[in-house]
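In each ligand, atom 1 is the first atom listed, and ligand 1 is the first ligand listed.
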Amino acid sequence: MSRRSTSPRIGVLALQGDVREHLAALAGAGATPVAVRRRAELEEVDGLIIPGGESTTMSRLLGVFDLYEPLRARLAEGMPAYGSCAGMIMLASEILDTRPDARHLDALDITVRRNAFGRQVESFETDVEIEGITGGHPMRAVFIRAPWVEGAGDGVQVLARVPEGPAEGRIIAVRQGDVLATSFHPEVTGDRRVHEYFVDMVAAKIE
Ligand code: GLN
């Protein structure tokens, strides 16, 4: 990332889930990664990743760690955010097939369905084109009990859809303003393009 003069401080919400993988991917993409467990850490970052994991557990832990309201407030102020899988669920405005007490962050005008690809297909991989990111060189996308986006508001840009198979056409990557989300886990492959895209989003915001 030699073209970038600044190395934005980007947090990974570190309550639960695949935190380490995102921290490593951020470092590889030219950011300064920070694990975020406390309010003071949240206040210091230029952007935040909400990792894959289990959204209902993450929801509960946001309450336990007193981070739910501060995080909502930072998102409302326009802090850039990226959610993968459970992180996408947390950022949504509506969640289907979740627990009645599960909280979410309302940062993306989307309706997501948890575990949407079905019990039989717990996990699978496919190559996807992501608008503005892959440019004709598809990326390996790993889905693990993944959600899909079942509805998206007018302000939401659809960046990727399932290319083939029973779920063909389902929305799996979106962006709305400075908030990005994917159903899949780019942090578990060596391909850093989604993280580089997010680091660029954050850098553009602070420059
Ligand atoms: N199914 C999980 C949830 O509901 C998400 C799975 C994942 O992040 N890999 O939160």
Sequence neighbours excluded - salt bridge (Lys or Arg N to Asp or Glu O under 4.0 Å) pairs with any residue from residues 51-70: Glu54-Arg114
Is the side chain of Arg72 donor-acceptor paired with the backbone N or O of His104 at a distance under 3.5 Å, no angle test? yes
Think Arg38 forms a cation-pi with Phe65, using NZ or CZ under 6.0 Å from the six-ring centre and within 45 degrees of its axis? no
Strictly under 4.0 angstrom, heavy-atom based: which residues surround ligand 1? Gly52, Gly53, Glu54, Ser55, Cys85, Ala86, Ile89, Arg114, Asn115, Ile144, Arg145, His185
Taking the inter-plane angle between the rings of Tyr82 and Phe198 on a 0 to 90° scale, is it parallel (under 30°), tilted (30 to 60°) or perpendicular (over 60°)? tilted
Nearest heavy-atom pair of Arg145 and Asn115: which atoms, and what distance? O-OD1, 3.2 Å
Geometric class of the Trp148/Phe117 ring pair [parallel <30°, tilted 30-60°, perpendicular >60°]: perpendicular
